[in-house]
Amino acid sequence: MALAATIHRFELELADSDRGVYQALELRVARHPSESAAFLIVRVLAYCLEHAEGITFSKGGISAVDEPALSIHDLTGQRTAWIEVGAPSADRLHRAAKATPRVALYTDRRIELLRTSLAGERIHRAHEIAVTCFPQPFLKALEAQLERTTKWHVSRADSHLYVTAGNTSFDTPLEPQTLFPGD
């Protein structure tokens, strides 16, 4: 018998002064049995940092092989952004960049490891794919605060991310990079 997904409820106060986005968000996020806490946290943070009209999690969750972790669609239903989480294959990034005007990647991996794993692979518009790497210590600290119902204040200011859970605050610089500099 297959294990069922665990539903996590996030009550988020988002204040993204870099983009002028201020929103109270209530998310119900299915966590696949094979999904790590860090991966779940990266998905939720990516949702916050990309939050815009038309943003959605994929219907199949992390098991959806032909869908990104997150998408942004315009009012016509056209996908305008493909947002990956983790360490997608070069083929997946290539297909995303061919199909969508903007591709972003949020990961818990170091950029050097991603670059090594994707080196020599064909990725359409690789130089345009923005990559945001969250440091392991930051994610581990947030994992300790993760519950089935989680309340966070998430803010971005001057390319710095702050997450407050209860009376504890965590922060990390946000330095989006490209997959391959100089492409």
Side-chain angles (χ1 to χ4, degrees), residues 10 12 14-21 23 25 27 29 35-36 38-75 77-119 121-136 138-139 142 152 154-163 171-183:
F10 288 87
L12 306 167
L14 175 62
D16 187 339
S17 64
D18 287 0
R19 296 187 312 131
V21 175
Q23 190 86 37
L25 304 171
L27 305 175
V29 184
E35 183 177 8
S36 70
F39 194 91
L40 174 69
I41 290 167
V42 172
R43 282 200 302 140
V44 170
L45 292 176
Y47 187 98
C48 291
L49 296 171
E50 292 285 339
H51 185 72
E53 178 102 19
I55 191 167
T56 59
F57 286 103
S58 70
K59 288 179 178 52
I62 66 167
S63 60
V65 294
D66 292 331
E67 291 293 315
L70 299 158
S71 292
I72 299 175
H73 292 86
D74 64 17
L75 294 175
Q78 185 75 24
R79 182 181 288 136
T80 59
W82 180 299
I83 301 142
E84 284 289 349
V85 173
S89 69
D91 181 56
R92 188 171 172 90
L93 290 171
H94 179 74
R95 282 185 289 121
K98 297 274 285 185
T100 312
R102 189 172 78 76
V103 178
L105 170 60
Y106 290 84
T107 186
D108 59 343
R109 311 285 166 86
R110 292 191 343 259
I111 190 71
E112 301 82 23
L113 295 176
L114 283 172
R115 288 178 178 151
T116 300
S117 70
L118 299 170
E121 298 291 333
R122 183 170 171 226
I123 302 171
H124 186 67
R125 297 184 0 245
H127 62 283
E128 294 177 22
I129 298 174
V131 180
T132 301
C133 302
F134 294 105
Q136 286 294 326
F138 173 75
L139 294 174
L142 286 176
W152 286 348
V154 178
S155 60
R156 173 171 39 187
D158 298 324
S159 298
H160 211 88
L161 178 65
Y162 304 90
V163 179
D171 67 285
T172 188
L174 290 176
E175 301 166 355
Q177 304 174 58
T178 58
L179 276 179
F180 301 110
D183 274 353

Set out, in order, the CA-CA distance, both residues' side-chain angles and the distance that settles side-chain contact (heavy atoms from CB on, under 4.5 Å) for Ile129 and Phe180, then state yes or no. CA-CA 9 Å; Ile129 298 174; Phe180 301 110; over 6 Å; no
State the CG-CG distance between Asp18 and Leu174, to the nearest 0.5 angstrom. 8.0 Å
Validation row: Leu179, Leu93 side chains within 4.5 angstrom (heavy atoms): yes
Any Trp152 side-chain heavy atom under 4.5 Å of Leu25 side chain: no
Specify the closest pair of heavy atoms between Ala46 and Val85, including all atoms of both residues, with the distance to one decimal. CB-CG2, 4.4 Å
Would you check, one step at a time, whether the test side chain to side chain donor-acceptor pair (under 3.5 Å) holds for His160 with Asp171? CA-CA 7 Å; His160 211 88; Asp171 67 285; 2.7 Å; yes
Given salt bridge (charged side-chain N to carboxylate O under 4.0 Å, His left out), test Glu50 with Arg102 step by step and report yes or no. CA-CA 12 Å; Glu50 292 285 339; Arg102 189 172 78 76; 2.3 Å; yes
Just verifying a value: how many Å separate Gln177 CD and Cys133 SG, rounded to the nearest 0.5 Å? 5.5 Å
Minimum-distance pair of heavy atoms, taken over all atoms of Pro68 and Arg92: CA-NH2, 3.7 Å
How long is the gap from OG1 on Thr132 to CG on Leu45, to the nearest 0.5 Å? 10.5 Å
For Arg110, salt bridge (Lys or Arg N to Asp or Glu O under 4.0 Å) partners two or more places apart: Glu112
May I ask you to decide if the ring planes of Phe134 and Tyr106 are parallel, tilted or perpendicular, using 30° and 60° as cut-offs? parallel
So, Gln136 side chain and Asp108 main chain: donor-acceptor pair closer than 3.5 Å or not? yes
How many angstroms lie between CG in Leu14 and CZ in Arg19, if you round to the nearest 0.5 Å? 7.5 Å
Can you check whether Ile83 reaches Ile72 side chain to side chain, under 4.5 Å on heavy atoms? yes
So how far is it from Thr56 OG1 to Tyr47 OH, rounded to the nearest 0.5 Å? 8.0 Å
Closest contact, heavy atoms only, Ser71 versus His73: CB-CE1, 3.4 Å
Distance, nearest 0.5 Å, that separates OG of Ser155 from CG of Leu161: 7.0 Å
In terms of heavy-atom contacts, Leu118 and Pro88 come closest through CD2-O, 3.9 Å
Heavy-atom check, side chain of Thr178 versus side chain of Val131, under 4.5 Å: no
I'd like to know if the side chain of Arg79 pairs up with that of Thr100 as donor and acceptor (distance under 3.5 Å, no hydrogens or angles considered). no
Donor-acceptor contact present, side-chain Ser17 to main-chain Arg156, <3.5 Å: yes
Between Arg122 (side chain only) and Asp91 (backbone N and O only), is there a donor and an acceptor less than 3.5 Å apart? no
Electrostatic pair Glu84:Arg43 at N-O distance under 4.0 angstrom: no
Closest non-hydrogen atom pair, Val44 against Val29: CG2-CG2, 4.2 Å
Would you say Asp74's side chain and Gln78's backbone share a donor-acceptor pair under 3.5 angstrom? yes
For the side-chain contact (heavy atoms from CB on, under 4.5 Å) test, which of Ile55, Leu27, Leu12 pairs with Cys48? Leu12
